[in-house]
Each structure stands twice: as C-alpha cells, then as structure tokens.
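Here is the structure we will look at, set down as structure tokens.
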Amino acid sequence: MTVKIAIIGGTGVYDPAILKDLRTVEVDTKYGKVAIKVGSYGDKEVAFLARHGEGHTVPPHLINYRANIMALKRLGVRHIIATAAVGSLDLKMEAGHLVVVEDFLDFTKARATTFFDGGEAGVVHTDFTYPYCPRLRQILVQAGEKENLTIHDKAVYVCTEGPRFETPTEIKMYQSFGGHLVGMTSVPEVLLAREAEICYATVAMVTNYGAGISPQPLTHMEVLEAMDANKENIKKLAMKTIEL
Ligand code: HPA
C-alpha cells in the first residue's frame, strides 16, 4: 500500500503510537538519510516524521528540511499535516488554541530554501499566492470544529531563524507587518513541499504570547509544558483530518 499522508510532528509531538503496525523506513536522498515511521490508521497508511528528531535533538536552523521533504515525496506522500508550537502576537490566539496557518512572513537567514539550485536542477520560480494547501486547511478547520476544539481558521506565521526567541521590539515589528504567530520552522518546509507538489498545511498550537506581550521572560520549558498539556488536541485533530 502506498503512503499518501504524512504528519510532520513539531515540538511536543513525537509519538506516532496511535498508528498500528508501526515500522521504521529509512529513505536515502541526495541530501541525506531520513528515518520515517510508517503505520496504519484505519485503511490508510500514514507516515510520521519527528521534525526535531526523536528526543528533540535537532534545532530549527539545522533541520535537514530538503532531505525530509524529499524522503516523504519518495514514499509517495501527497498530503502533509505539519504541527508547530508557536508564540502568539494576537491576544485572541491564546495558549492552548489551535490555528490553521494561511500565510507566512520569512525572516529566516541561513537555510537552504529550494530544490532548484540551477544547473541540472533547473531555475524555477514557484507561485505562492496560496502558500498553504487551501483544501487541506479547510479539512483541518472542519476536523477541529467536529472535535469541538478552539481553532482559528487563518493566521500569518512569522518564521524566524532562531534558535533564540525574539526581542519585544521584533515582536512589535512583526505585529505591524501583519503577523499573528511566530515560530522557527515553517520556512522552508512549506516552500519545499510546494516545490515537491505536495499539499501541505500547518496546524499551529499556541504555547505562549510573544516576548514583551507576556511580561515574564520566555523559556523553552514553558513551550514544552504548554505543548504537553495540549498535545492530545493536536493528535485528535490530525486523526480526524485523516478520517475526513
Ligand atoms: N517564538 C518563536 N518560536 C516559538 C515561540 C515564540 O515565542 N513559542 C513557541 N515557538
């Protein structure tokens, strides 16, 4: 059976135990080897990839995004549900809320962002009028409503280079640019998925308000604790989305 759907689990989402007959598949790509878990959910085969590695050992700026997306493409994946822990720049998007991302602002600095590096790979300029797959976004929102989760149906994700968190002035600037969420991983994942012609959508889990909105300093532990408290909701949402 081919694997058409993948979940890329971000911070706090490492556990594909809900899938049956789990096995690990190693996929070799020109960018490196990727270990992907594959299992079944109902009559569907689903791939699971922990973005930061099992045990969260790879920081956002060092993730091998090209290898990950190419490996999923090799498996035959057509749809990717990506999860992401994010800070919120919008008071309406509170810790514990889910948000289906609509657009992004790219503030990354030093990442390989394309498969098309010229030469044999060619020169390609990809359209991003609809950066995240509209059909999959719609299904995620429907699934969230069916599961009675608090889910926002659009937001602009500001992707920073990390691994540090932002300064209060950066957060104000991102707000003034129209950003609602801040995170460190959606770019270049979303770009590469589009280049690979995979329908890709991100569901973000708000773990905190951005620096300076919340008065106390932000810690990675706070992000992990908020994810841990709410990861069941992400799991429910992902599984319902696969059913729909
Ligand atoms: N900033 C960047 N990335 C994040 C944050 C944040 O406040 N929270 C969770 N991931």
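This structure is a prediction, so every number in the text was calculated from the model and none was measured.
- Here the side chains of Ile139 and Val141 are not in contact, with every heavy-atom distance at 4.5 Å or above.
- For Glu195 and Thr114, the side-chain atoms include at least one donor-acceptor pair closer than 3.5 Å.
- The backbone N or O of Lys30 lies less than 3.5 Å from no partner atom in the side chain of Arg66, so there is not a single donor-acceptor pair.
- Residues Phe165 and Val187 do not share a hydrophobic cluster, clusters being chains of Ile/Leu/Val/Met/Phe/Trp/Tyr side chains in contact below 4.5 Å.
- Contact record, Leu237 with Gly144: CD1-N, 3.2 Å, taken as the closest heavy-atom pair.
- In this structure, the separation between NZ on Lys109 and OG1 on Thr160 is 8.5 Å, given to the nearest 0.5 Å.
- The only member of Val100, Val190, Val101 that meets side chain to side chain contact (heavy atoms under 4.5 Å, CB included) when paired with Thr202 is Val101.
- Side-chain atoms of His97 do not come within 3.5 Å of backbone N or O of Ile151 as any donor-acceptor pair.
- Between the side chains of Glu189 and Tyr200, at least one donor N or O lies within less than 3.5 Å of an accepting N or O.
- Using a 4.0 Å cut-off between charged side-chain N and carboxylate O, Lys172 and Glu166 make no salt bridge.
- Hydrophobic clustering (ILVMFWY, side-chain heavy atoms < 4.5 Å, transitive): Leu89 and Val86 are in distinct clusters.
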Practice problem: Evaluate the side-chain contact (heavy atoms from CB on, under 4.5 Å) criterion for residues Arg23 and Lys37: first the C-alpha distance (whole Å), next the side-chain angles of each, then the deciding distance (0.1 Å), finally the verdict. | Solution: CA-CA 6 Å; Arg23 57 206 184 270; Lys37 295 255 165 54; over 6 Å; no
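- Ring pair Phe107/Tyr174: centre-to-centre distance below 6.0 Å.
- Val34 is connected to Met70 through a chain of hydrophobic side-chain contacts under 4.5 Å among Ile, Leu, Val, Met, Phe, Trp and Tyr, so both are in one cluster.
- The existence of a salt bridge linking Glu243 and Lys44 is excluded, since no basic side-chain nitrogen approaches an acidic carboxylate oxygen closer than 4.0 Å.
- The two residues Ala84 and Arg51 come nearest to each other via the heavy atoms CA-NH1, 4.4 Å.
- Of all the heavy atoms in Ala6 and Leu72, the pair that sits closest is CB-CD2, 3.9 Å.
- Contact annotation: the side chain of Gln142 never approaches that of Thr241 to less than 4.5 Å [non-hydrogen atoms, C-beta and beyond].
- Judged by distance alone, the side chain of Glu45 and the main-chain N or O of Thr2 form no donor-acceptor pair under 3.5 Å.
- Within the model, atoms CG of Asp103 and OG of Ser186 stand 10.0 Å from one another, a figure rounded to the nearest 0.5 Å.
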Exercise. Please lay out, stage by stage, how Leu192 and Phe115 fare under the test side-chain contact (heavy atoms from CB on, under 4.5 Å).
Key: CA-CA 7 Å; Leu192 296 163; Phe115 291 121; 3.8 Å; yes
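- Between Val3 and Val46 the shortest side-chain heavy-atom distance does not fall below 4.5 Å.
- Pro131 has its side chain within reach of Phe104: a pair of non-hydrogen atoms, C-beta onward, lies under 4.5 Å apart.
- Looking only at atom types and distance, the side chain of Ser88 has no donor-acceptor partner in the side chain of Asp90 under 3.5 Å away.
- Summarising the geometry, atom NZ belonging to Lys92 is positioned 10.5 Å from atom CD belonging to Glu94; distances are rounded to the nearest 0.5 Å.
- Under the 4.5 Å side-chain heavy-atom criterion for grouping Ile, Leu, Val, Met, Phe, Trp and Tyr, Val58 is connected to Ile69 within one hydrophobic cluster.
- Counting all heavy atoms, side chain and backbone alike, Met93 lies closest to Leu181 at SD-CD2, 3.9 Å.
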Quiz item: What's the verdict on side-chain contact (heavy atoms from CB on, under 4.5 Å) for Val182 and Tyr209, showing C-alpha distance, side-chain angles and the deciding distance?
Solution: CA-CA 9 Å; Val182 63; Tyr209 282 127; over 6 Å; no
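- Lys4 places none of its side-chain heavy atoms less than 4.5 Å from the side chain of Val77.
- Residues Gln175 and His180 fail the side-chain proximity criterion, which asks for heavy atoms closer than 4.5 Å.
- Distance alone, capped at 3.5 Å, is enough to place a donor-acceptor pair between the Thr83 side chain and the Gly10 backbone.
- One finds the NZ atom of Lys20 at 7.0 Å from the OG atom of Ser40 (value rounded to the nearest 0.5 Å).
- Of the possible polar contacts, none joining the Arg137 side chain to the Val203 backbone as a donor-acceptor pair under 3.5 Å is found.
- Under a hydrophobic clustering in which Ile, Leu, Val, Met, Phe, Trp and Tyr are joined whenever their side-chain heavy atoms come within less than 4.5 Å, directly or via other members, Leu191 and Met184 fall into different clusters.
- A cation-pi arrangement is found for Arg194 relative to Phe128, the charged atom lying closer than 6.0 Å to the ring centre and inside a 45° cone about the ring normal.
- Residues Ile213 and Leu91 form a side-chain contact, since some pair of their non-hydrogen atoms from C-beta on lies under 4.5 Å apart.
- Under 3.5 Å, the side chains of Tyr65 and Thr113 contain no donor-acceptor pair of N or O atoms.
- Contact detail for Ala238 and Ile81: the closest heavy-atom pair is O-CD1, 4.1 Å.
- Arg135 places none of its side-chain heavy atoms less than 4.5 Å from the side chain of Tyr130.
- Surrounding CD of Gln216 are more than 12 heavy atoms belonging to other residues, nucleotides or ligands, all under 6.0 Å away.
- Here the side chain of Thr108 pairs no donor or acceptor atom with the backbone of Arg111 at under 3.5 angstrom.
- A distance-only check finds no donor-acceptor pair linking the side chain of Lys33 to the backbone of Asp28 [under 3.5 Å].
- Residue His125 holds its NE2 atom at 12.5 Å from CG of Asp127, rounded to the nearest 0.5 Å.
- Atom CE of Met239 and atom CD1 of Ile7 lie 4.0 Å apart (nearest 0.5 Å).
- In this structure a side-chain-to-backbone donor-acceptor pair under 3.5 Å is missing from Asn230 to Asn233.
- The heavy-atom pair separating Pro188 from Ala112 by the smallest distance is CG-O, 3.5 Å.
- Just one of Val13, Val38, Ile8 meets the side chain to side chain contact (heavy atoms under 4.5 Å, CB included) condition when paired with Phe48; it is Val13.
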